[in-house]
*Asks:* 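Okay, here's the structure, questions in a sec.
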Amino acid sequence: MKSMKNLLIAAALGLASYASMAAEHQDKPVRIAAPFEIKGTDPALSGDILLRMDVVETLVEVNERAEPIPALAQSWQVSADGLNWQITLRDNVRFHDGSPLDAAAVVKSLNTARSKAGLLDKTPITAISGEGLRVTITLREPFTPLLSVLAESRSQILALASWDAQGNITRIIGSGPFILTSFQPPQSLAVKRFDDYWGEKPAIKAASYLSSGRAETRALLAESGDADYVFNLDAASRQRLARKPSLQLPSIPVPRTLMLKVNPGDTLLAEQPVREAISLAIDRNALAMAVLRYPGAASQLFPPNMGEWHNSALQPLQYNPQQATRQLQAAGWKMGADGVLARNGQRFSVTLLTFPDRPELPLMAMVIQQQLRKVGIEVKINSTNASEIPAQHHSNRLQLALFSRNFALTPDPTGTLLQDYAEKGGDWGAMNWHSAGFSTALHTLTQSTDAAERAQARNLITASLQQDLPVIPLAWYQQSAAINSKLKNVTLDPFERHFGLRHMEWEQ
Amino acid sequence: MMIKLLGWRLAQAVFVVLAVGLLTWFLVQALPGDMAWRIASGRYGYDRVDASAVARVQQELSGSLQQGSALLHWLYDLLQFNFGRSLVSGEPVMDELRWQLSQTLALAGTSLLLTILLTLPLGIWAGCHANGKLDRALFWLSALLKSVPHFALGMLLIVLLALQLDWLPSAGHGELRHFLLPSLTLALSLTAVGVRVVREATYQVVTSGYYRWGAQKGLAPATRLRRHGVRNLASPVLTWFGMQFVWLVEGVVVVETLFAWPGMGHALVHAIFARDVPVIQASAMALGLLFVLLNMLVDAGCYLLDPRGARA
């Protein structure tokens with residue numbers, strides 16, 4: 001029985017280490033469960049979780065209209081040529097180790113972020129320097145979405161003691177209203193209230209975070225009362241949990257769109273009428289109701305909650321399979337004996353790539369497969385690793401890809417659009433597609449501060465995406481959560497920046 | 001004899017280190033999909049991975065992961081158990097492994113303990129009363145339990161014990177009570193087979209000539225089982241338990257994901273998806289060595305239980 005003994009000793013050691021962690025907090029902590037895995041201390045990897053948990057802060061915050069508002073930066077000024085940004089830091093901020101916020105910490109944090117893959121490394125910055133409470137960012141060319149990039153989680157500001165001698169970030173010393181008490185990648189972390197916080201102090205004293213990749217597990221955590229705030233529910237669980245009086249189930253529209261990426265470089269998909277026929281053949285209402293279980297049919301790429309980016313003047317995308325059939329016939333496609341269209345001996349058979357990380361995607365792919373089959377298009381589904389989509393984009397083998405795209409990676413979607421719809425296309429956007437004036441319009445948005453000029457550029461962008469369909473928008477998302485009814489002042493953040501810990505309160 | 005046995009197992013351990021190391025190296029290279037893409041997607045998530053992130057990963061990889069002479073260099077590091085840093089998290093692999101292994105061992109240990117507590121009394125009773133009511137009931141019950149996948153069994157237990165009865169937390173880790181549901185899930189599946197093994201071993205013993213002779217010389221059933229039964233049936237049962245470790249690790253992968261448990265099975269699956277070679281190698285090696293160690297302990301246990309092998 002020696003092998004058993006060995007294991008039992010190991011088990012006992014494991015148990016002992018737990019017992020010591022248990023009774024640390026007196027006041028009831030808010031237990032959060034969400035799908036995001038904690039990867040490590042590097043802000044480029046898990047910075048978003050630390051920002052969501054209010055451990056770290058950025059120079060700039062955003063209000064509900066996605067406008068930049070001061071956070072660690074008290075104010076900012078741009079030179080007339082748009083190349084020089086002067087940022088003045090708040091003078092009453094202390095990091096969790098007691099050190100004051102100064103330009104040195106900001107310069108080090110931002111330069112570290114610039115050295116890694118992200119958005120800051122794509123920003124035309126030539127230098128970041130500073131002294132005392134003033135930071136200067138010098139640009140090669142004007143870049144109006146700069147504040148939006150500075151608000152992104154990877155641009156978080158850490159204290160200088162966070163870096164070790166080799167220049168790696170080994171500790172997370174932020175300035176947020178909560179301080180880390182335990183950090184246990186990949187699954188959990190815990191925070192408590194930081195009493196020297198510069199802003200309004202939160203009501204709750206402590207919180208914990210559990211990463212749980214399975215939507216079913218998260219729903220069960222909410223249902224059994226083992227988590228107070230469960231982020232991101234699957235459709236079936238949401239309907240079930242709605243019947244529980246001990247839970248509140250808020251949901252809000254978020255700037256995330258489900259879309260079908262089309263490769264116009266492929267001979268089958270090169271013609272606009274054919275892409276439009278695919279769009280016409282998909283019943284978006286049925287798709288959204290069947291899989292997402294809320295009315296989320298997309299009539300254009302940008303959902304109405306994206307403010308000025310939603311162009312209400314556009315002709316909405318329609319479901320009209322008869323029209324789809326007519327357009328395919330006009331393009332020379334004839335129904336074959338096997339029920340699949342053919343032209344010059346070539347069958348209309350395409351491969352659709354998707355991935356199961358978001359559980360609704362493979363289901364949606366199957367619904368699309370059936371709907372397109374009705375107009376004679378054969379779809380083969382390949383549900384694989386998410387990285388296969390950008391990889392096949394670059395090897396030019398991709399035909400169709402189904403995924404959802406978050407337009408609020410930065411509060412201002414221009415940054416995301418620059419990545420996705422630039423001249424050469426983008427991994428999660430257009431491919432082999434070029435439209436007159438489109439790139440110029442995008443460029444205008446990064447340079448100009450003139451409201452009329454910007455509006456004109458936006459209209460051109462939204463109209464040409466709707467007309468050419470380099471990606472076919474299918475559905476707009478809603479974010480949902482299951483929250484303990486005793487927890488008050490809980491709001492869902494449409495930009496997915498915060499869980500809202502600093503505003504929460506336990507009902508007395 | 002014992003020394004020879006240990007020496008043989010030690011040689012096995014060295015072989016495992018080399019074989020697992022080389023196999024993971026070549027197998028990971030042979031997996032479909034571009035490695036740099038997978039690593040970058042593991043690091044930054046599907047919303048943020050793009051070609052420029054991949055280019056950076058490729059740059060890092062070209063320095064550290066080249067075929068040929070690099071393989072020898074890497075083997076040298078390997079023999080010193082120096083796995084370097086994870087390609088995804090950038091943390092030292094040994095630090096990650098130590099934490100995850102302790103979590104998995106704690107879970108596997110609790111499961112084995114529960115299994116033993118369930119299996120031995122039930123199996124011995126069923127073996128002593130072959131074809132009785134309990135024996136027949138157990139036959140069907142174990143077939144049923146074994147055919148339910150871990151994932152479904154775990155869900156059923158959550159629904160029953162966490163939602164309906166509200167006795168245990170549904171998932172999570174950090175406290176003692178979090179152990180029970182995942183280890184019960186594993187233990188029930190193990191017990192399904194274990195009970196049959198113990199029952200068979202017991203049945204073999206109680207129907208043997210020497211055991212019946214024990215009755216003839218007038219020993220009470222309990223005394224007879226203790227004197228002539230336990231040691232004889234212990235040997236096959238111990239061997240079987242030792243082998244279950246491999247199975248436990250397989251089960252742990254699903255159970256850890258379901259119960260949000262920060263263990264090695266969960267980490268290994270993620271590492272394979274993200275092509276995190278150092279983590280895959282270190283985990284595979286730790287599992288391989290554990291297997292050798294357990295076999296060694298089982299051998300030693302069997303040797304102590306049944307020293308006849310030494311005399312032969």
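Naming convention: chains lettered A, B, ... in sequence-line order (proteins, then strands); numbering from 1 in each chain.
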*Asks:* Do the side chain of B:Asp276 and the main chain of B:Leu87 share a donor and acceptor less than 3.5 angstrom apart?
*Replies:* yes

*Asks:* Under 30°, 30 to 60°, or over 60°: which ring-plane class applies to A:Trp428 and A:Phe355, parallel, tilted or perpendicular?
*Replies:* perpendicular

*Asks:* I'd like to verify something: which residue of A:Glu37, A:Glu223, A:Gln187, A:Lys39 has the highest number of heavy-atom pairs under 4.5 Å with chain B?
*Replies:* A:Gln187

*Asks:* Is the distance between the ring centroids of A:Phe36 and A:Tyr209 under 6.0 Å?
*Replies:*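 A:Tyr209 vs A:Phe36: aromatic centres not under 6.0 Å.
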
*Asks:* Report which part of A:Phe403 has an atom under 4.5 Å of a heavy atom belonging to chain B: side chain, backbone, both, or neither.
*Replies:* neither

*Asks:* With chain B as the partner, which of A:Ser115, A:Ser46, A:Ala33 has the greatest number of non-hydrogen pairs under 4.5 Å?
*Replies:* A:Ser115

*Asks:* Checking heavy atoms, do the side chain of A:Leu221, its backbone, both or neither come under 4.5 Å from chain B?
*Replies:* both

*Asks:* Heavy-atom distance under 4.5 Å to chain A: side chain of B:Ile158, backbone, both or neither?
*Replies:*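 Only the side chain of B:Ile158 comes within 4.5 Å of chain A.
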
*Asks:* Is it the backbone or the side chain of A:Ala227 that comes under 4.5 Å from a heavy atom of chain B, or both, or neither?
*Replies:*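 For A:Ala227, neither part sits under 4.5 Å from chain B.
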
*Asks:* With respect to chain B, which residue among A:Lys122, A:Arg154, A:Glu216 yields the maximal number of heavy-atom pairs within a distance under 4.5 Å?
*Replies:*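 Of the options given, most contacts go to A:Arg154.
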
*Asks:* Considering only NZ, NE, NH1 and NH2 on the basic side and carboxylate oxygens on the acidic side, decide whether A:Glu388 and B:Arg38 come within less than 4.0 Å.
*Replies:*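 Answer for the salt bridge query: yes.
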
*Asks:* Counting heavy-atom pairs closer than 4.5 Å to chain B, which one of A:Leu45, A:Ile38, A:Thr384 comes out on top?
*Replies:* A:Leu45

*Asks:* Please determine, among A:Ser404, A:Pro186, A:Gly40, A:Ser224, the option with the most heavy-atom pairs under 4.5 Å with chain B.
*Replies:* A:Ser224

*Asks:* Check each atom of B:Met155 against the heavy atoms of chain A and say whether the ones under 4.5 Å are side chain, backbone, both or neither.
*Replies:* side chain

*Asks:* Quick one: of B:Gly42, B:Ser86, B:Ala40, who has the most non-hydrogen atom pairs under 4.5 Å with chain A?
*Replies:* B:Gly42

*Asks:* Could you look at A:Gln392 and say if it's the side chain, the backbone, both or neither that has a heavy atom under 4.5 Å from chain B?
*Replies:* neither

*Asks:* For A:Asp42, which residues count as a salt bridge (charged side-chain N to carboxylate O under 4.0 Å, His left out) partner, sequence neighbours excluded?
*Replies:* A:Lys116

*Asks:* For A:Arg114, does the CZ atom have more than 12 heavy-atom neighbours from other residues, nucleotides or ligands under 6.0 Å away?
*Replies:*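 Atom CZ in A:Arg114 is packed in, count exceeds 12.
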
*Asks:* If you draw a 6.0 Å radius around CZ in B:Phe151, do more than 12 non-hydrogen atoms from other residues or ligands fall strictly inside?
*Replies:* yes

*Asks:* For the residue pair A:Tyr229 and A:Phe231, does the interplanar ring angle fall in the parallel (under 30°), tilted (30 to 60°) or perpendicular (over 60°) class?
*Replies:*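 A:Tyr229 vs A:Phe231 ring planes: parallel.
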
*Asks:* Tell me, side chain or backbone of A:Arg31 under 4.5 Å from chain B's heavy atoms, or both, or neither?
*Replies:*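 It is neither, since no heavy atom gets under 4.5 Å.
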
*Asks:* Could you check whether A:Arg358 makes a cation-pi contact with A:Tyr477, meaning its NZ or CZ is under 6.0 Å from the centre of the six-membered ring and within 45° of the ring axis?
*Replies:* yes

*Asks:* Which residue out of A:Leu220, A:Asn406, A:Leu119 racks up the most heavy-atom pairs below 4.5 Å with chain B?
*Replies:* A:Leu220

